[in-house]
There are 2 protein chains.
Amino acid sequence: MSTTADIKAKSGLEDVVATSSAICHIDGHEGVLAYCGYDIHDLGQQATFEEVCFLLWHRRLPTRAELGDLQSALVAARPLPEPLLRLMRSLPTRGDGVDGMDALRTLTSALAHFDPAGSAADSPSARYDKAVRLTAQTASIVATWGRMGMGGSPVAPDPALSHAANFLYMLTAERPHATAVRAFDIALVLHADHELNASTFAARVAAATLTDLHSAIVCGIGALKGPLHGGANADVMRMLLEIGEDASDERVESVIRAKLARKEKIAGFGHRVYRTEDPRATHLRRMSRELGERSGQARWFEISQQIEALVRAEKPNLYPNVDFYSASTYYTLGIPIDLFTPIFAVSRVSGWTAHVLEQYANNRLIRPRAEYIGPAYPQTFVPLDRR
Amino acid sequence: MSTTADIKAKSGLEDVVATSSAICHIDGHEGVLAYCGYDIHDLGQQATFEEVCFLLWHRRLPTRAELGDLQSALVAARPLPEPLLRLMRSLPTRGDGVDGMDALRTLTSALAHFDPAGSAADSPSARYDKAVRLTAQTASIVATWGRMGMGGSPVAPDPALSHAANFLYMLTAERPHATAVRAFDIALVLHADHELNASTFAARVAAATLTDLHSAIVCGIGALKGPLHGGANADVMRMLLEIGEDASDERVESVIRAKLARKEKIAGFGHRVYRTEDPRATHLRRMSRELGERSGQARWFEISQQIEALVRAEKPNLYPNVDFYSASTYYTLGIPIDLFTPIFAVSRVSGWTAHVLEQYANNRLIRPRAEYIGPAYPQTFVPLDRR
């Protein structure tokens with residue numbers, strides 16, 4: 001107990017340890033990211049998104065039987081309630097490139113009204129089941145929203161498909177190629193968790209009031225939308241499109257040099273925690289190249305690589321982050337830009353729910369203080385008719 | 001720049017100064033709360049909610065002309081878009097006592113789709129206008145939701161009425177008495193801001209990604225819902241109803257002593273920051289008594305007062321907080337319990353928007369670190385078929 005707040009943190013809580021957590025380990029200097037002890041490079045090469053969900057929720061990899069049970073539960077939760085589809089159809093679109101996150105926020109909030117457990121259900125097992133449902137349903141919402149945005153009718157989920165394959169199927173109404181499925185699955189694995197990133201932290205701050213899981217996840221979505229967080233992957237693609245697929249190397253260089261000269265932030269570069277290459281960028285760069293080569297659409301990768309070289313030459317300590325090569329990866333997979341940030345949420349919901357369940361299990365209200373810098377106290381109140 | 005996180009904060013960020021702010025000053029030891037330098041006792045006695053909104057948004061009290069302009073803007077924003085009313089009608093109710101906050105979260109999120117400025121609009125003036133609209137519309141949503149919950153049809157707002165009076169009118173379809181209006185107005189003033197409480201902090205964490213205002217406010221609503229935060233006022237009333245209006249003093253005593261013996265948390269007591277009486281409780285206690293006496297429903301106040309005495313005798317350092325006497329105050333005003341926490345939001349949206357605008361004006365991403373306590377790194381990845 002203290003009279004006044006006694007720890008003055010650095011701006012943005014930089015380097016402040018806000019909680020302990022058994023989920024994610026990051027070493028920003030060594031460029032290490034690990035979920036529950038498993039290096040992201042191993043997971044990115046060998047694990048599926050469903051295995052990673054189990055890992056984040058249970059702190060260990062599943063047996064085959066456990067994985068089968070989880071897959072069944074996810075499959076069972078995929079179909080969206082009919083009233084939710086009606087609500088989805090009724091939401092207007094503006095075409096300002098952020099509709100997808102607005103829709104995901106509203107529709108995920110609306111899911112709470114139809115959840116079989118009710119928002120007051122708060123036993124650990126009821127909350128775990130909600131985490132599974134939310135993970136399945138977030139994917140169904142984003143795929144169906146994307147499908148309807150392209151003028152198609154909603155596609156019913158296919159129980160035989162994996163989480164990644166089913167998402168692409170519900171989005172495109174076509175059986176996706178194995179290469180596309182694996183690329184998308186890896187993207188989901190890479191984005192699944194990242195310790196106390198802003199959206200996860202927002203979700204934990206909400207959860208620490210013991211609000212329900214849907215409310216906490218909606219907070220995560222609201223925070224992820226920002227251009228300093230998940231919104232950056234769409235901003236990267238807008239920059240690439242502004243440059244243009246047919247742009248010469250000279251044009252790429254002049255656009256980027258002009259941005260650097262104006263001290264504009266280049267979307268997809270820099271990270272609060274990493275002082276070296278973001279280990280997720282390594283995989284996304286490779287996937288962007290491979291998908292580009294196989295589809296004959298390699299130009300987006302090449303432009304991205306040229307931008308990286310230009311930025312790095314000018315600012316040797318500025319590295320591409322998870323958003324930079326995910327932009328060309330998703331675009332090459334045929335995914336509309338409006339879905340880039342929602343797809344981030346389709347993956348990160350696994351980490352948000354893991355963190356929220358961890359917060360519930362050992363909870364304390366998260367309530368910092370502010371340093372007051374406003375008009376001196378006390379001000380004399382002058383009634384309105386004498387002002 | 002540091003290798004690893006270097007400030008290990010106390011659990012729940014207790015006493016950590018997360019940001020500076022010109023909005024709210026709290027001295028937890030002296031029991032002082034002030035908005036922009038004005039003591040809550042002065043504001044509670046002399047200011048209207050509209051004046052407080054202006055104060056929080058501009059850091060000074062309005063002139064009569066400025067207040068008139070703000071009132072006009074709030075009045076203009078009161079009517080809800082027709083699709084929002086349709087959505088409201090389509091949301092199921094469960095009767096589990098938390099529907100109101102679920103509905104407010106979903107409907108406030110949905111407002112973004114119909115906002116005239118669009119969610120990409122991010123100039124300071126566009127954001128200020130959104131803050132005004134959100135403040136007016138939150139009240140319209142909660143009043144209309146409450147009206148429909150009582151089986152009534154939506155009531156169109158009355159431009160001639162103040163924010164507080166119009167809320168009660170839209171809720172009850174009757175012209176409220178001056179006493180009820182003033183009591184409700186004071187309740188709105190007392191709940192308007194409270195520095196970095198959990199919901200405001202959640203809203204600022206979201207805003208610091210530069211997400212839009214609607215997203216940030218939805219985060220605030222999601223966090224306020226929790227029983228360790230705004231949800232407590234409804235929990236207080238449930239406790240009072242469980243005891244019963246006709247309960248003898250002996251029964252009140254035995255219920256409370258049994259709770260204390262079981263070390264149960266008594267809803268409406270204790271606060272992270274105050275080490276003395278919550279200055280808001282002083283006013284709410286008085287209002288609860290006055291409204292009880294005038295309405296002939298004084299028993300809820302008396303029971304509350306008896307509970308306070310019992311708790312204080314047992315735990316001299318545990319004081320009633322803002323939620324304790326607001327429960328009997330709202331109940332005596334004829335407001336259904338399901339609306340208690342949403343009404344907290346009707347007021348706090350003024351503080352949330354003030355903090356979010358302040359965050360935007362001098363932004364840095366809020367991104368703390370976690371201390372990793374999970375399985376040791378690196379774990380060897382064993383493929384599924386060998387587990």
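Basis for what follows: all heavy atoms, side chains included, without hydrogens, waters or symmetry-related copies. Residue numbers start from 1 in every chain, and the chains themselves are labelled A, B, ... in the order their sequence lines are given, proteins ahead of strands. In this text, all values refer to a predicted model and were calculated from it rather than measured experimentally.
Per-residue heavy-atom pair counts under 4.5 Å with chain B were compared for A:Thr200, A:Leu13, A:Leu196, A:Leu384, and the maximum is reached by A:Leu196. The residue among A:Pro368, A:Ala110, A:Pro83 with the most heavy atom pairs within less than 4.5 Å of chain B is A:Pro368. Put simply, of A:Glu195, A:His214, A:His229, the one with the most heavy-atom pairs under 4.5 Å next to chain B is A:Glu195. Among B:Leu43, B:Thr63, B:Ile26, the residue making the largest number of heavy-atom pairs under 4.5 Å with chain A is B:Ile26. Note on B:Ala232, B:Pro378, B:Gly37: by heavy-atom pairs under 4.5 Å with chain A, the leading option is B:Gly37. Between chain B and the options A:Ala203, A:Ala202, A:Ser21, A:Ala18, heavy-atom pairs under 4.5 Å are most frequent for A:Ser21. Chosen from A:Ala34, A:Pro92, A:Ala376, the residue pairing most often with chain B at heavy-atom distances under 4.5 Å is A:Pro92. Chain A forms the most heavy-atom pairs under 4.5 Å with one residue out of B:Asp39, B:Asp385, B:Leu61, B:Ile217, and that residue is B:Leu61. Heavy-atom pairs under 4.5 Å with chain A peak, among B:Leu67, B:Ile373, B:Leu91, B:Leu224, at B:Ile373. Chain A forms the most heavy-atom pairs under 4.5 Å with one residue out of B:Asp42, B:Ile23, B:Leu87, B:Asp212, and that residue is B:Asp212. Heavy-atom pairs under 4.5 Å with chain B peak, among A:Ala112, A:Gly231, A:Ser109, A:Cys36, at A:Ser109.
Proximity to chain B (any heavy atom under 4.5 Å) is shown, for A:Leu107, by neither the backbone nor the side chain. At a 4.5 Å heavy-atom cutoff, A:His355 makes no contact with chain B through either its backbone or its side chain. Both the backbone and the side chain of B:Ala47 have a heavy atom closer than 4.5 Å to some heavy atom of chain A. Heavy atoms closer than 4.5 Å to chain B are found in the side chain of A:Arg272, but not in its backbone. Residue contact with chain A, scored on non-hydrogen atoms closer than 4.5 Å, involves the backbone of B:Thr380 exclusively. Looking at A:Asn363, the atoms closer than 4.5 Å to chain B (heavy atoms on both sides) all sit in the side chain, from C-beta outward. Both the backbone and the side chain of A:Leu365 come within less than 4.5 Å of a heavy atom in chain B. Contact annotation for A:Asp115: both backbone and side-chain heavy atoms come within less than 4.5 Å of a heavy atom of chain B.
Proximity of A:Thr209 to B:Lys225: side-chain heavy atoms (C-beta onward) are nowhere separated by under 4.5 Å. Counting heavy atoms from C-beta outward, B:Pro383 and A:Gln46 have side chains that approach closer than 4.5 Å. A 4.5 Å side-chain heavy-atom check between A:Ser90 and B:Arg86 finds every atom pair outside the cut-off. The side-chain heavy atoms of B:Ile221 and A:Val218, taken from C-beta on, include no pair separated by under 4.5 Å.
Under the 30°/60° scheme for interplanar angles, the aromatic rings of A:His25 and B:Tyr372 are found to be tilted.
For the side-chain hydrogen bond (donor to acceptor under 3.5 Å, both in side chains) with A:Glu14, the qualifying choice from B:Arg369, B:Arg367, B:Arg364 is B:Arg364, the only one to do so. For the pairing with B:Pro227, the side-chain contact (heavy atoms from CB on, under 4.5 Å) check across A:Asp122, A:Thr211, A:Leu210 returns one residue only, A:Leu210.
Between A:Val205 and B:Ala198, the shortest heavy-atom distance links the atoms CG1-O, 3.5 Å. The shortest heavy-atom contact between B:Tyr38 and A:Phe381 is CE2-CA, 3.8 Å. Taking each heavy atom of B:Gly222 and A:Ser215 in turn, the nearest pair found is O-CB, 3.6 Å. Between A:Ala22 and B:Pro375 the shortest heavy-atom distance is O-CD, 3.9 Å. Minimum interatomic distance between B:Val16 and A:Ala9 (heavy atoms only, all atoms of both residues): CG1-CB, 3.9 Å.
Note that CG of B:Asn197 and CD1 of A:Ile366 are 13.5 Å apart. Values are rounded to the nearest 0.5 Å. In this structure, the separation between CG on B:Leu111 and CG on A:Asp102 is 11.5 Å, given to the nearest 0.5 Å. If you take OG on B:Ser20 and NZ on A:Lys8, they are separated by 7.0 Å, rounding to the nearest 0.5 Å.
Atom CD of A:Glu30 is surrounded by 12 or fewer heavy atoms from other residues, nucleotides or ligands within 6.0 Å.
Here A:Glu51 pairs with B:Arg387 in a salt bridge; the nearest charged N to carboxylate O distance falls below 4.0 Å.
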